[in-house]
Number of protein chains: 2
Amino acid sequence: MLQSKTHSKPLFLSEEELRQAIELLFYAYRDFTGEPDAILAHYDFGRAHHRVIYFVGRNSGITVGALLGILKITKQSLSRVLGQLLDEGFIEQRTDNDDRRRRMLFLTAKGADLENLLTQRQGRRIANAYRAAGADAVDGFRAVLRGIVNEEDRSRFGDSASGHG
Amino acid sequence: MLQSKTHSKPLFLSEEELRQAIELLFYAYRDFTGEPDAILAHYDFGRAHHRVIYFVGRNSGITVGALLGILKITKQSLSRVLGQLLDEGFIEQRTDNDDRRRRMLFLTAKGADLENLLTQRQGRRIANAYRAAGADAVDGFRAVLRGIVNEEDRSRFGDSASGHG
DNA sequence: TAATTATGTCAGTGTTATTGACATATATCC
DNA sequence: GGATATATGTCAATAACACTGACATAATTA
């Protein structure tokens, strides 16, 4: 109850440490998205398209509403992006027979190709960082990022420990 | 030479592990920026203003060109945001006497107040995550994020190790 | 049958970014 | 000193991505 795996050392955090963390997140996210952004530009797509392609690929058959919940944008915003991806054959919709109001989203072969390309590039960057930092660092990375995520979504990333608790 | 602190275990990375990392970055960044965004909205400012305020606060006297280099946006984009911040008295400019083409940027007292508020909020989120994850995790977090950043900016975050080699 | 849910669409707006062109002041090179 | 380069600023047009508000339709649930 008091503390599980987290040994909760007092951890006096200097302003400098906190600012370094803030900046690390800024630079890492900037560069993490920069590479896919450049690829997507060839298709006249942007980061919003990427997010949709990614999460549809990851959660095949996801409904429109669930996707909105992940992206935290309005349906009008999603509509433009999703419409383009449907028109251009990267994603297809199928009505859910259990609840015929629902539209389930799937990547087409074309959509899966693009998703793979983008995920491979980002995966390569992650893998390089993981290798350079070492296995222990990976656990720390995951644990801290998980703590930054709002509580409501934290359970997406495991219960609390990350493999060896 | 071969490997400093990074014990370079083979590290077989499953697609699942890579995807979890990708998603952690997405969710963490989304929530990390969500809180400041809400505050900035009261001032009719957005995330772009935040970035300018943050980096000017952090690098007092930074030139316009150096700021563009960090943000990786065009000067026309910066111009609008910076112009507003100047007009409304959050930032002030002073000519650099060593090179009178340069404009050095400083936060005003008003600007520093806002910067402190925003940084405190983000710092609180980081601090909570750090405390929950533990001191070792912090090192791992820093090491992995540093590896994700493009090489050209990596040196901003220390040489390689993070405190205890 | 009435209310709710899931989705879609139309219209208007705002923020953040882009490219391209051009202007000014200052510094540096030859 | 004159040519060139650098640092900054500005005007104009455009695009991507998001928002709010209003309304419509189909299907499910109470």
Side-chain angles (χ1 to χ4, degrees), chain A residues 26 29-30 33-34 36-56 61-88 91-106, chain B residues 26 29-30 33-34 36-56 61-88 91-106:
Chain A
F26 168 75
Y29 200 77
R30 183 195 67 177
T33 52
D37 284 354
I39 294 170
L40 290 154
H42 299 320
Y43 297 80
D44 278 308
F45 288 158
R47 198 173 296 173
H49 301 83
H50 185 190
R51 291 193 284 251
V52 171
I53 287 175
Y54 180 85
F55 283 108
V56 170
I62 190 174
T63 64
V64 171
L67 187 54
L68 288 173
I70 289 176
L71 300 177
K72 286 199 179 155
I73 58 175
T74 60
K75 65 179 172 179
Q76 296 92 326
S77 290
L78 177 59
S79 168
R80 176 186 50 87
V81 173
L82 185 55
Q84 286 174 274
L85 292 169
L86 290 166
D87 285 350
E88 300 182 29
I91 286 184
E92 62 176 18
Q93 278 184 325
R94 292 204 284 276
T95 298
D96 181 354
N97 282 323
D98 291 345
D99 182 341
R100 297 179 50 74
R101 292 171 304 182
R102 292 207 174 100
R103 306 279 174 270
M104 304 191 301
L105 303 173
F106 300 88
Chain B
F26 167 74
Y29 200 77
R30 183 196 66 177
T33 53
D37 284 355
I39 295 170
L40 290 154
H42 299 320
Y43 297 79
D44 277 309
F45 289 159
R47 199 173 297 175
H49 302 82
H50 185 190
R51 291 193 286 250
V52 171
I53 287 176
Y54 180 84
F55 283 107
V56 169
I62 190 174
T63 65
V64 172
L67 187 54
L68 288 173
I70 289 175
L71 300 176
K72 288 201 179 156
I73 59 175
T74 59
K75 66 179 171 180
Q76 295 91 326
S77 290
L78 177 59
S79 168
R80 176 187 50 85
V81 174
L82 184 54
Q84 286 174 272
L85 292 170
L86 290 167
D87 285 350
E88 300 183 30
I91 286 184
E92 63 177 17
Q93 279 184 324
R94 292 205 285 273
T95 299
D96 181 354
N97 282 323
D98 292 345
D99 181 341
R100 298 181 49 77
R101 293 171 303 182
R102 293 206 174 102
R103 306 282 174 268
M104 304 192 300
L105 303 173
F106 299 87

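These numbers come from the heavy atoms of this one structure, side chains and all, not from hydrogens, waters or symmetry mates. Just so it is clear: chains get the letters A, B, ... in the order the sequence lines come, proteins before strands, and each one is counted from 1.
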Taking it one step at a time, do A/Thr95 and A/Arg103 satisfy side-chain contact (heavy atoms from CB on, under 4.5 Å)? CA-CA 5 Å; A/Thr95 298; A/Arg103 306 279 174 270; 3.6 Å; yes
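Within the nucleic acid shown, A/Gln93 comes within 4.0 Å of sugar-phosphate atoms alone, with no base atom in reach, counting heavy atoms only.
Side-chain atoms of A/Gln76 come within donor-acceptor range of the base of D/dG21, with a qualifying N/O pair under 3.5 Å.
If you take CG of A/Leu105 and P of C/dG8, they are 8 Å apart, rounded to a whole angstrom. Distance CD (B/Gln84) to P (C/dT15): 7 Å, rounded to an integer number of Å.
When side chains are defined from C-beta on, B/Leu85 does not count as touching B/Glu88, because their heavy atoms never get closer than 4.5 Å. Here the side chains of B/Ile62 and B/Ile70 are in contact, with some heavy-atom distance below 4.5 Å. Residues B/Leu105 and B/Leu82 have side chains in contact (heavy-atom distance under 4.5 Å, counting atoms from C-beta outward).
Sorted by residue number, the members of residues 40-51 of chain B with any non-hydrogen atom under 4.0 Å from DNA chain C read B/Gly46, B/Arg47, B/Ala48, B/His49, B/Arg51.
Proximity of A/Ser79 to the phosphate of C/dG8: no side-chain N or O atom is located under 4.0 Å from OP1 or OP2. Look at A/Thr74 and you won't find any side-chain N or O under 4.0 angstrom from OP1 or OP2 of D/dA18. Proximity of A/Ser77 to the phosphate of D/dC17: no side-chain N or O atom is located under 4.0 Å from OP1 or OP2.
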How would you summarise protein contacts on nucleotides 23-30 of chain D per nucleotide, using B for base, S for sugar-phosphate only and - for none, with heavy-atom distances below 4.0 Å? ----BS--
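In this structure, the ring of A/Phe26 has its center less than 6.0 angstrom from the ring center of B/Phe55.
A side-chain hydrogen bond (donor to acceptor under 3.5 Å, both in side chains) check over residues 47-56 of chain A, counting only residues at least two apart or in different chains, returns the pairs A/Thr33-A/Arg47, A/Asp37-A/Arg47, A/His49-A/Gln84, A/Tyr54-B/Glu23.
Pairing each heavy atom of A/Leu40 with each of A/Gly46, the nearest pair is CD1-O, 3.6 Å.
Here CG of B/Asn97 is found 7.0 Å from CE of B/Met104. Values are rounded to the nearest 0.5 Å.
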